[in-house]
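No experiment lies behind these values; they were computed from the predicted model shown. All heavy atoms count here, side chains included; hydrogens, waters and symmetry mates do not. In this chain, residues are counted from 1 in sequence order.
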Amino acid sequence: MASLVLSPPLRPRVPFPSYLHRLHSARSILASPGHVNPNSRRRGNPRESLAASVATEPRVVVPLPPVETERGGEQKLAAWRSVRQERWEGELEVEGEIPLWLNGTYLRNGPGVWNIDEHEFRHLFDGYATLVRLSFRGGRMAAAHRQLESAAYAAAKRNRRLCYREFSEAPRPENFLAYVGELASLFSGSSLTDNANTGVVVLGDGRVLCLTETVKGSIEIDPDTLDTVGKFEFSDGLGSLIHSAHPVVTAEEFVTLLPDLLRPGYLVVRMVPGSNERKVIGRVNCRGGPAPGWVHSFPVTEHYVVVPEMPLRYCARNLLRAEPTPLYKFEWHPESGSYMHVMCKASGKIVASVEVPPFVTFHFINAYEEEDGDGRVTAIVADCCEHYADTSILEKLRLQNLKSFTGLDVLPDARVGRFRIPLDGSPIGELDAALDPNEHGRGMDMCSINPAHLGKRYRYLYACGAQRPCNFPNTVTKVDLVEKRAKNWHEDGAVPSEPFFVARPGAVEEDDGVVISMVSSQNGEGYALLLDGSTFEEIARAKFPYGLPYGLHGCWIPRKN
């Protein structure tokens, strides 16, 4: 097991950031694949397991804050609690079999600190970024987590209060003049957070970035140490305070959307490996509403960029408020219409702009081109995790709601929403469910696919579904879009994070690989979970020294040697 010694609790609560002086770097190294520990446990084939291999530096005793308990003494789910300490590193004991071909690093980003002293944040998306690393080599697994050193997090530690505008939080000015100054800094963008707590991506040149929806919240990290390298500075002068939290990143390019709040529309931009310069592919003008629709993510095909315009639109007035509205920085404008735009990557020209039924989505899954018998592209198919145009999902993600599950079935329904966008000049597109939503419990979010099928026709997706009653997605789900069936992994009371698919090198079948998820257990603990991508059976798990907060999105970095 990892070299972490738990000390008796010193007090019932450790406020932010009073534990910082007790941090450690209990580094653990991976020994040769042949070094095994006969005392470790395995599932399936009972061969010997990994050994905890620690650095030669002296063992450090790290007092940990106690696990908070519910009434009756039951431990609370760690998913919605601030991380217990700022950093940890060690090797994990594996139960089961990790495929020997799984050789690399899985990084996951997400909110992990939701309080500053006694001030509790409101929303899941407010938390300061916590990076988690799982390293695989020779059938063994090491883990680490560390706080991202954004300016917002550093200022909170230094001043012991909120200093930047987060998703639902705003600093409280001491007087009217301070309020006027804060508004001025908001218009300049200086008061917006750089808390890059949403995703982590690997650029084609190997640099690793943590991202959120503010452009300034683009921060480079070292994937081996999880150290914060510094702010990623775009060199193009395009301006824009916000961008899509989920760019489309491949070995060849980085494509993202820049919403224009003044002249409602979107710039579609591209950056090549080795460059910090975004170049404009083209512009999409909004067809309705007072502002662009929220574009948390968007899909691409081999030749096109798909720009969604949903009626959940940015709202500058709400952005100025000190207290959040029910829709936070957005407004719902169903009367403004809902649209899907298709732009040619090569020319920047819009080849389709169709009206579709109202929709609400955070995450697009994939898109591909439909062809006729002569090879002509006749339509674009784009899939997303769609919430039946129900904006209440934003309110359900308040931390108070997540922590107070009473057994009632309160998770809003969701489906695999499938858009069909005709390219023949028709003004209307389609939106339907790609399969019966009951197959995945009418829950659907946090999705991944085999990256070899990005922008192409595909069959399988991996996501979080639901086993009801629940207040949050609580299954890991494999969806077969051809057979229109789903397989679901579930553990009572547990909350799994985004299932991330890693393809086996040289694989021919689309689902030949491993699915990785990090799970918060009902008893307050947590573990890394590995499922076979094909059979969807559990093949391994490894327990963390303590439960980790719920995370959002991740990436995979193959080992080069």
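- Asp222 has no carboxylate O lying under 4.0 Å from a charged side-chain N of Arg146, or vice versa, which leaves the two without a salt bridge.
- Lys484 NZ: more than 12 foreign heavy atoms inside a 6.0 Å radius.
- Partner of Arg541 under the salt bridge (Lys or Arg N to Asp or Glu O under 4.0 Å) criterion, out of Glu95, Glu491, Glu93: Glu491 alone.
- Side chains of Arg418 and Leu481 form a contact here, defined as non-hydrogen atoms less than 4.5 Å apart.
- For the atom pair CD (Glu369) and OH (Tyr304), the distance works out to 6.0 Å, reported to the nearest 0.5 Å.
- How far CZ of Phe298 is from CD of Glu309: 15.5 Å, rounded to the nearest 0.5 Å.
- Note: His243 and Phe234 have perpendicular aromatic rings, judged against thresholds of 30 and 60 degrees for the angle between ring planes.
- Looking at Thr212, its side chain never comes within 3.5 Å of a backbone N or O of Thr214 through a donor-acceptor pair.
- For Leu102 against Val502, the heavy-atom pair with the smallest separation is CD1-CG1, 3.9 Å.
- Annotation: side chain of Trp489 is not in contact with side chain of Val515 (no heavy-atom distance under 4.5 Å).
- Nearest heavy atom pair, residue Pro357 against residue Gly429, reads CD-O, 4.1 Å.
- No donor-acceptor pair under 3.5 Å is formed between the side chain of Asp532 and the backbone N or O of Ile539.
- Under a 3.5 Å cut-off, the side chain of Ser244 and the backbone N or O of His296 do form a donor-acceptor pair.
- Separating the CE atom in Met340 from the SG atom in Cys384 is a distance of 7.0 Å, to the nearest 0.5 Å.
- With salt bridges taken as basic N to acidic carboxylate O contacts below 4.0 Å, none links Asp390 and Lys396.
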Item to check | Test side-chain contact (heavy atoms from CB on, under 4.5 Å) applied to Val284 and Leu257, step by step | outcome: CA-CA 10 Å; Val284 174; Leu257 304 181; over 6 Å; no

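- Between Arg133 and Glu89 there is a salt bridge, since a side-chain N of the basic residue sits under 4.0 Å from a carboxylate O of the acidic one.
- Under the salt bridge (Lys or Arg N to Asp or Glu O under 4.0 Å) criterion, Glu430 pairs with no residue at all, not counting sequence neighbours.
- Proximity of a side-chain donor or acceptor of Glu371 to a complementary backbone N or O of Asp374 within less than 3.5 Å is not detected.
- With a 4.5 Å cut-off on side-chain heavy atoms, Gln467 and Asn488 do not count as touching.
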Next on the checklist: What verdict does the side-chain contact (heavy atoms from CB on, under 4.5 Å) test give for Arg207 and Val229, after you've listed the backbone C-alpha separation in whole Å, the side-chain angles of each residue and the deciding distance to 0.1 Å?
Outcome noted: CA-CA 10 Å; Arg207 290 179 292 177; Val229 175; over 6 Å; no

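- Using modelled atom types, one side-chain atom of Arg468 and one backbone atom of Leu411 make a donor-acceptor pair closer than 3.5 Å.
- Comment: Glu253 engages Arg270 in a salt bridge, judged by a side-chain N to carboxylate O separation of less than 4.0 angstrom.
- Evaluation of the salt bridge (Lys or Arg N to Asp or Glu O under 4.0 Å) rule for Arg485 yields Glu439 as partners, not counting sequence neighbours.
- Leu394 contributes atom CG, which lies 5.0 Å from atom CH2 of Trp294 (distance to the nearest 0.5 angstrom).
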Next on the checklist: Show, in sequence, the C-alpha distance, side-chain angles and deciding distance for Ser497 and Arg108, and conclude whether the side-chain contact (heavy atoms from CB on, under 4.5 Å) test is met.
Outcome noted: CA-CA 10 Å; Ser497 65; Arg108 190 195 73 178; 3.1 Å; yes

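- Asp445 approaches Cys385 most closely through the heavy-atom pair CA-SG, 3.6 Å.
- Ring centers of Phe472 and Trp80: under 6.0 Å apart, within the cut-off.
- Looking at Thr250, its side chain never comes within 3.5 Å of a backbone N or O of Gly204 through a donor-acceptor pair.
- Residues meeting the salt bridge (Lys or Arg N to Asp or Glu O under 4.0 Å) test with Asp424, sequence neighbours left out: none.
- Closest of all the heavy-atom pairs between His387 and Ala414 is ND1-CB, 3.7 Å.
- Looking only at side-chain heavy atoms (C-beta outward), Val410 and Asn471 come within less than 4.5 Å of each other.
- A heavy-atom distance below 4.5 Å is found between the side chains of Val208 and Val202.
- Under the 3.5 Å distance criterion, the side-chain polar atoms of Ser218 are left unmatched by any main-chain donor or acceptor of Phe232.
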Quick one: side chains of residues 346-353, donor-acceptor pairs under 3.5 Å with protein atoms, not counting sequence neighbours, listed by atom name and distance.
residue : atom : partner : partner atom : Å
Ser347  : OG   : Lys349  : N            : 3.2
Ser353  : OG   : Arg287  : NH1          : 3.3
Ser353  : OG   : His341  : ND1          : 2.8

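- The six-membered or imidazole ring of Phe359 lies near that of Phe419, with a centre-to-centre distance under 6.0 Å.
- In this structure, the side chain of Asp409 engages the main chain of Cys470 through a donor-acceptor pair within 3.5 Å.
- Asn197 places a side-chain N or O within donor-acceptor distance of the main-chain N or O of Gly127, the cut-off being under 3.5 Å.
- Annotation: cation-pi pair Arg415/Tyr388 present, NZ/CZ under 6.0 Å from the ring centroid and within 45° of its normal.
- Nearest heavy atoms, Leu131 versus Cys210: CD2-SG, 3.5 Å.
- Judged by distance alone, the side chains of Thr477 and Thr475 do bring a donor and an acceptor atom under 3.5 Å apart.
- For the residue pair Val476 and Pro496, the shortest heavy atom distance occurs at CG2-CB, 3.6 Å.
- Around the CD atom of Glu302, the shell of radius 6.0 Å holds more than 12 heavy atoms that belong to other residues, nucleotides or ligands.
- Side chain of Arg559 to backbone of Phe136: a donor-acceptor contact under 3.5 angstrom is found.
- The OG atom of Ser448 sits 12.0 Å away from atom CG of Leu454, with the distance rounded to the nearest 0.5 Å.
- In this view, Asp432 satisfies the salt bridge (Lys or Arg N to Asp or Glu O under 4.0 Å) rule with no residue, not counting sequence neighbours.
- Taking His553 as the reference, His246, His363 meet the ring pair (Phe, Tyr, Trp, His ring centres under 6.0 Å) condition, with sequence neighbours excluded.
- Aromatic pair Trp556/Phe501: centroids not less than 6.0 angstrom apart.
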